[in-house]
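Okay, structure first, notes after.
We name chains A, B, ... by the order of the sequence lines, and we start the count at 1 in each one.
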Amino acid sequence: MTTDLLSELNPEQQQAVSAPEKHLLILAGAGSGKTRVLVHRIAWLIEQERISPYGVLAVTFTNKAAHEMRHRVEAMLGMPTQGMWIGTFHGIAHRILRTHWQEAGLVQNFQILDSDDQLRVIKRVMRELHVDEKELAPRLAQWFINQNKDEGVRSQHCDDKGQSEHQWLRKIYEEYEIACQTGGMIDFAEMLLRVHELLRDQPQVLQHFQQRFQFILVDEFQDTNTIQYAWLKQLASDNATVMIVGDDDQSIYGWRGAKIENIHRFSKDFPDTRVIRLEQNYRSTSTILEAANAVIQNNDSRMGKELWTESEKGDPISVYRAFNEMDEARFIVDQIDSHHRLGTNYREQAILYRSNAQSRVFEEALLRARIPYRVYGGMRFYERAEIKDAMGYLRLISSRDDDSAFERVVNNPPRGIGEKTISEIRSHARGQRIPLWKAAQALVSDKVLTMRANNALVEFLTLIDNMAEHTNTLELHEQMDHVIHQSGLWKYISKTRSEKSKSRLENLEELVTAAKTFVPGDQLSELPKLSAFLSHAALEAGEGQANQSEDGVQLMTLHSAKGLEFPVVYLGGVEEGLFPSLRSIDSPEGLEEERRLCYVGMTRAMQKLYMCHAEVRRIHGREQYHRASRFIKEIPKELVAAVRLQTKVMRPQQSSSRATQLSTGINIPDTPFKLGQRVTHKKYGEGVILNFQGHGEHGSVLINFNSCGEKLMNLAYAKLEACV
DNA sequence: ACAAATACTGTTTTT
DNA sequence: CAGTATTTGT
């Protein structure tokens with residue numbers, strides 16, 4: 001059994017899995033098998049050390065990682081992971097709060113606010129405080145509140161540094177706390193903070209968990225923030241054995257409050273810690289690894305770690321300098337196509353970019369080439385407006401105090417309850433410190449509203465009450481279906497006949513299906529099914545698209561690519577001002593984080609890495625000129641193959657504002673044309689050949705026409721003639 | 001009360 | 001450019 005567990009591991013991994021020391025700090029480089037080690041360690045503890053699964057707490061950041069870990073542990077042990085707590089920080093906090101809601105000062109059926117809900121509540125609070133949204137952006141207030149909560153700071157303890165802006169932010173924070181408390185709502189940051197305070201103020205609760213969790217394991221430790229670290233210290237106390245796994249070079253969430261310092265602090269706060277480095281990479285070619293190492297070496301604050309590999313050199317890194325973002329996309333799509341012809345599936349190729357906005361150009365190019373693709377990120381299922389509307393009704397049924405849900409659905413679909421009536425309700429609610437629902441009831445019974453408004457409001461209140469009554473015996477999906485129709489939501493959306501409304505209705509149908517197939521995980525099994533479903537929707541917003549099985553090129557941001565690997569990777573927009581982004585370019589810490597992001601991106605590639613940058617790019621409708629990113633220059637020359645040759649010739653200008661260097665005189669294979677040559681086209685007239693791709697009839701050329709600027713055309717179709 | 005017209009504003013993301 | 005938020009008009 002012992003040999004079974006350790007045989008497939010390298011010496012360092014074996015040490016990590018079987019270490020006798022109390023605490024372990026595993027510095028695991030990209031592609032060094034950290035999840036493997038984590039899973040093996042759990043199996044080791046249970047099979048070798050004979051510890052009880054009840055004593056295990058394994059924490060991750062994403063639901064995906066948690067699911068994967070649970071799955072792999074089960075597969076390895078050959079039995080269900082009953083009793084083991086495996087989940088995200090938030091999932092675990094949620095579970096604790098559901099059982100100890102009373103000690104935590106919550107109402108039993110508290111509702112969870114996602115960041116969209118949170119922002120709405122903040123806006124409402126700001127309006128009530130008469131804070132002008134133009135002078136103080138609600139986003140800033142949201143950032144301020146979350147930042148403080150992540151640091152464990154309540155509004156009373158915010159040090160307003162004398163500045164009036166700070167005082168306003170503090171005031172908004174304070175009112176927001178009250179609004180959440182009266183509405184029975186908690187946001188994501190609040191979940192963690194509440195648990196922290198619960199463990200701090202309720203010794204018997206703390207003791208209970210300290211006794212229970214004898215073995216604590218934390219993944220992606222470089223992403224922990226202050227409150228999560230504090231939490232770990234509370235839970236672990238002196239009894240528990242802790243193992244943390246992380247990579248300081250892959251810390252890319254500093255802007256969200258993550259503290260790399262937590263890794264450094266760990267050995268001090270947890271005595272008898274053994275540090276083990278996993279530096280052998282099993283993913284990439286040595287060329288890719290060497291290049292990534294060279295880039296990350298430019299960061300000063302590192303713990304020191306250098307990845308090595310036994311794999312072969314592989315291809316050089318291709319750097320393509322494109323004319324503009326369309327040319328960049330065209331180049332990448334051409335490469336994808338040729339890799340595909342040579343046997344690499346589309347799903348094994350990924351286009352990674354710095355910001356979501358960049359995906360559009362790639363999508364258009366892929367669409368044109370009829371290559372299937374899948375975009376990750378963006379709007380997720382439970383974040384869609386129509387889904388949140390339907391869920392809003394359910395939330396109100398579940399908790400009438402949920403002000404966030406009340407505001408969302410009270411006049412949606414429009415039922416004659418206008419801004420004036422709503423603000424009456426709001427001010428009454430605020431005056432009495434009661435939820436909006438109760439305020440609305442009070443206004444109705446006091447008969448202070450106009451006939452019209454009163455009737456509309458009564459209709460709404462009875463609608464919710466009736467729906468609650470009629471559906472409490474129904475199955476969840478029947479309940480969902482009932483609510484969608486009785487609320488008038490379905491009718492309202494179908495009234496406007498467009499492509500959009502069609503897909504919205506489909507989404508609502510899918511929501512019913514989701515409710516039908518919903519099975520509460522074991523951490524939610526104690527709750528009523530409706531509450532469990534609502535929590536599930538907030539905690540796991542759901543994947544973007546459904547068609548996972550189809551073979552398609554993967555498009556995502558560099559951030560969401562962390563933890564994944566692909567045989568072929570294309571990094572788009574590797575330009576100064578974009579990556580590193582303009583915002584982080586003048587702070588050393590910001591720049592180092594961008595560099596780590598680049599390191600993450602490069603190390604996603606297994607066999608072939610492309611890095612592309614464009615000379616000109618349209619951003620927010622304006623043309624911007626960028627130089628190649630410094631990160632490209634940090635790669636040793638001998639590892640790079642520049643795709644486009646650079647020789648000196650002037651390109652005729654479309655706007656006469658700029659001269660660009662262009663290679664010239666090179667023959668385009670199997671054609672009578674050369675780069676830099678003047679040609680005429682039937683429709684567009686005279687132009688100059690800027691670039692080409694492929695050869696002969698299959699090739700395409702990029703031409704700058706005098707009449708209409710740059711056009712990419714296929715040589716087989718475009719009847720070009722050389723000029724004299 | 002609601003629809004249409006105009007002004008504004010843009011990282012990265014999980015929970 | 002494109003999406004949202006607020007203002008304007010009926």
Side-chain angles (χ1 to χ4, degrees), chain A residues 59-66 87-94 112-120 123 127 132-134 137-139 143 146 149-150 186-192 220 223-225 227-228 251-258 325 352-361 364 376-380 382-383 385 411-422 450 452-453 456 492 496 535-544 556-563 573 577-585 590 593-594 596-598 600-601 617-624:
Chain A
V59 198
T60 63
F61 276 83
T62 66
N63 290 304
K64 205 170 140 202
T88 62
F89 274 102
H90 295 269
I92 283 157
H94 178 250
I112 301 164
L113 300 183
D114 67 16
S115 38
D116 185 62
D117 298 324
Q118 184 187 33
L119 192 62
R120 282 163 184 272
K123 281 183 181 168
R127 220 164 281 170
D132 190 356
E133 289 189 14
K134 279 174 198 104
R139 292 300 278 272
W143 182 84
N146 289 335
K149 285 189 180 184
D150 285 346
I186 62 170
D187 59 55
F188 292 130
E190 183 75 25
M191 293 175 66
L192 300 180
E220 305 277 16
D223 291 335
T224 50
N225 62 30
I227 202 79
Q228 286 159 341
S251 159
I252 54 176
Y253 288 108
W255 51 275
R256 207 166 76 186
E325 75 276 12
L352 310 182
Y353 34 80
R354 179 65 238 265
S355 74
N356 280 126
Q358 286 170 257
S359 77
R360 235 195 56 233
V361 189
E364 283 165 7
Y376 288 79
M379 200 45 97
R380 275 162 316 161
Y382 289 107
E383 285 170 2
N411 197 35
N412 179 13
R415 49 170 71 85
I417 303 174
E419 200 46 51
K420 213 175 116 256
T421 316
I422 294 173
T450 61
R452 234 165 103 120
Y492 180 67
T496 46
S535 298
H536 166 83
L539 250 28
E540 301 195 36
E543 280 292 301
M556 68 190 82
T557 62
L558 287 151
H559 281 90
S560 39
K562 193 173 76 159
L578 200 75
F579 186 30
S581 84
L582 208 58
R583 303 282 242 271
S584 44
I585 219 153
E593 182 150 316
E594 294 282 309
R596 291 193 292 267
L597 192 56
C598 184
V600 167
R617 179 180 294 274
R618 275 187 101 84
I619 294 175
H620 307 323
R622 217 157 269 294
E623 286 205 324
Q624 289 190 12

| Worked check of side chain to side chain contact (heavy atoms under 4.5 Å, CB included) between A/L558 and A/Y353 | CA-CA 6 Å; A/L558 287 151; A/Y353 34 80; over 6 Å; no

| side chain to side chain contact (heavy atoms under 4.5 Å, CB included) between A/I112 and A/H94: does it pass, once the steps are laid out? | CA-CA 9 Å; A/I112 301 164; A/H94 178 250; 3.6 Å; yes

| request: Report the C-alpha distance between A/N146 and A/F188 in whole Å, list the side-chain angles of each, state the deciding distance to 0.1 Å, and finish with yes or no for side chain to side chain contact (heavy atoms under 4.5 Å, CB included). | output: CA-CA 9 Å; A/N146 289 335; A/F188 292 130; over 6 Å; no

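Across all strands shown, A/R622 has no heavy atoms under 4.0 Å from either base or sugar-phosphate atoms.
Syn is the classification of B/dT11, since its glycosidic angle stays within 90° of 0.
Contact of the A/R354 side chain with the A/L597 side chain is registered, since non-hydrogen atoms from C-beta on lie closer than 4.5 Å.
Partners of A/W255 according to the ring-ring contact (aromatic ring centres under 6.0 Å, His included) rule, which considers only residues two or more places apart in sequence or in another chain, are A/Y253, A/H559. Remark: A/N225 engages no residue in a side-chain hydrogen bond (donor to acceptor under 3.5 Å, both in side chains) (not counting sequence neighbours). A/E325 meets the side-chain hydrogen bond (donor to acceptor under 3.5 Å, both in side chains) test with no other residue; sequence neighbours excluded.
Between the side chain of A/E594 and the main chain of A/S581, a donor-acceptor pair closer than 3.5 Å is present. In this structure, A/N411 contributes its side chain and A/I417 its backbone to a donor-acceptor pair below 3.5 Å.
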Contacts under 3.5 Å, N or O only, protein and nucleotides 5-10 of chain C:
from	atom 1	to	atom 2	distance (Å)
C/dT6	OP1	A/E133	OE1	3.1

Under 3.5 Å between N/O atoms: give me all the protein pairs with nucleotides 1-3 of chain B, atom names plus distance.
from	atom 1	to	atom 2	distance (Å)
B/dA1	OP1	A/G416	O	3.4
B/dA1	OP1	A/G418	N	2.8
B/dC2	OP2	A/N411	ND2	3.3

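Tested against A/E133, the residues A/R139, A/R127, A/K123 include a single salt bridge (charged side-chain N to carboxylate O under 4.0 Å, His left out) partner, A/R127.
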| Once each nucleotide of nucleotides 10-15 of chain B is scored for protein heavy atoms under 4.0 Å, what B/S/- sequence comes out, 5' to 3'? | BBBBBB

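Whole-Å rounding puts the A/I619 CD1 to C/dA2 C1' distance at 15 Å. Between A/Q624 atom CD and C/dC1 atom P there is a gap of 14 Å when expressed in whole angstrom units.
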